Amino acid sequence: MGLWDLFDKEKRKERALEKAIARITNPYMQGPERMKAVDTLLEIGTDDAIYGLLKRFTIRASNGVVDEEEKEQVYAVVIGLGTQAVPALRRFIQKDDQIYHALRALSAILPEEQVITSVGETLELLGTDYMRNPERKLHLIQHLAELRGPRVVALLLPFLRDHDEGVRFQTVNALHEQADEVAREPLLELLCSPDEESVRLRKRIVEVLAERGWGVQGYRKKVEERLPKGYAIDKAGLIKERGTKIEPAATEADDDD
């Protein structure tokens with residue numbers, strides 16, 4: 001095969017890749033045509049082709065039932081590729097917003113520790129500054145909530161100070177799922193911060209502290225000033241919903257530093 005023939009073959013392969021990606025991301029095309037594009041991308045088999053396959057997760061077909069069926073089929077195909085799909089999955093998670101299915105696939109293929117590393121690297125790239133669309137960040141934090149370990153808590157804590165209130169709220173939920181008391185003081189700091197204006201976020205922190213049984217030691221006075229209606233602090237420094245038995249607080253000395 002001459003150099004020109006090799007060049008021509010690569011150009012045909014590139015055109016086939018572009019055409020298949022255009023088909024798989026066309027929400028108005030018939031489902032069978034999109035699935036033919038899946039076969040084409042699998043046949044090409046490069047990282048770029050697998051990345052193109054993942055782009056099926058970025059569009060919503062007009063028929064909702066068909067849309068979900070196709071996404072599950074593509075998800076199963078990606079799982080079937082095993083570790084071959086990992087580079088494309090990692091690239092997709094770092095670049096695209098619709099990463100729910102990609103995160104599922106990564107978790108199905110890799111051990112949990114490696115998934116935590118991949119998610120953490122992407123979160124660090126995104127940071128806590130303003131983003132026009134924080135959807136990818138929310139997906140990553142929600143996925144971390146399903147994983148376990150001290151590394152997860154360490155990755156989540158910076159996002160209690162994220163620019164977006166929704167991200168901060170989701171981080172509080174994720175820390176609740178971790179049930180690691182390392183989060184107690186950062187949650188109290190956020191609750192007591194004069195910069196935190198979100199009423200629903202402050203209420204959620206109070207709920208988490210109460211549900212996890214994490215005391216307010218060191219922050220009692222400030223927490224009392226911010227307690228939503230229906231909550232109180234007992235003698236042991238635990239937040240309780242009113243209606244449950246609450247021991248009166250000690251009056252000899254306040255526990256705030």
Side-chain angles (χ1 to χ4, degrees), residues 54-55 57-60 71 89-108 110 112-212 214 216 219 222-223 225-228 231 239:
L54 298 173
K55 284 187 171 293
F57 299 139
T58 67
I59 62 126
R60 182 182 295 276
K71 285 176 179 173
L89 282 166
R90 284 179 169 152
R91 175 156 59 114
F92 186 82
I93 288 165
Q94 289 186 359
K95 290 188 174 183
D96 287 78
D97 291 329
Q98 303 293 329
I99 60 173
Y100 169 74
H101 293 286
L103 286 170
R104 287 175 59 210
L106 196 69
S107 284
L110 291 180
E112 187 169 278
E113 279 299 309
Q114 293 183 37
V115 176
I116 292 171
T117 297
S118 291
V119 172
E121 288 172 352
T122 304
L123 278 173
E124 288 174 4
L125 283 173
L126 295 175
T128 60
D129 292 338
Y130 169 79
M131 289 182 68
R132 185 180 62 83
N133 181 5
E135 183 176 6
R136 187 173 2 143
K137 205 183 293 187
L138 289 167
H139 280 306
L140 290 163
I141 290 170
Q142 288 166 356
H143 197 73
L144 273 183
E146 300 172 6
L147 308 176
R148 292 293 177 268
R151 288 180 64 210
V152 174
V153 176
L155 289 169
L156 287 169
L157 288 177
F159 293 90
L160 288 175
R161 299 292 182 174
D162 194 87
H163 184 276
D164 185 84
E165 189 267 357
V167 171
R168 298 197 302 277
F169 190 89
Q170 192 59 52
T171 302
V172 172
N173 286 335
L175 289 169
H176 174 265
E177 292 301 314
Q178 292 302 303
D180 187 331
E181 198 167 356
V182 170
R184 181 191 77 92
E185 191 159 343
L187 287 172
L188 285 165
E189 288 177 356
L190 182 58
L191 175 63
C192 298
S193 171
D195 297 326
E196 184 51 70
E197 300 178 349
S198 171
V199 174
R200 74 156 187 158
L201 181 57
R202 292 201 302 265
K203 184 175 186 295
R204 182 59 185 140
I205 293 173
V206 167
E207 291 171 349
V208 169
L209 293 169
E211 290 167 14
R212 288 299 176 199
W214 295 340
V216 301
Y219 297 84
K222 291 180 179 179
V223 173
E225 293 170 359
R226 291 163 174 79
L227 276 182
Y231 288 89
I239 297 173

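Remember, it's a predicted structure, so these values are computed and weren't measured experimentally.
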Below 4.5 Å, heavy atoms only, C-beta onward: do [X] and [Y] meet side chain to side chain?
X	Y	answer
L191	Y219	no
L209	V223	no
L190	R161	yes
R151	E113	yes
L123	L156	no
L175	V208	no

Contacts of [X] that satisfy side chain to side chain contact (heavy atoms under 4.5 Å, CB included) - sequence neighbours left out:
X	result
E146	H143
D164	P134, D162, V167
A102	L89, F92, I93

Legend entry - Residues E165 and R168 bridged, charged N to O under 4.0 Å: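 Judged by the 4.0 Å cut-off on N to carboxylate O distance, E165 and R168 do not form a salt bridge.
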Legend entry - Side-chain donor/acceptor of R204 to backbone N/O of N173, under 3.5 Å: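 Judged by distance alone, no pair lies under 3.5 Å.
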Inset, instruction - Could you check R91, R90, K55 and say which one makes a salt bridge (Lys or Arg N to Asp or Glu O under 4.0 Å) with D96? - result: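 Exactly one pass, corresponding to K55.
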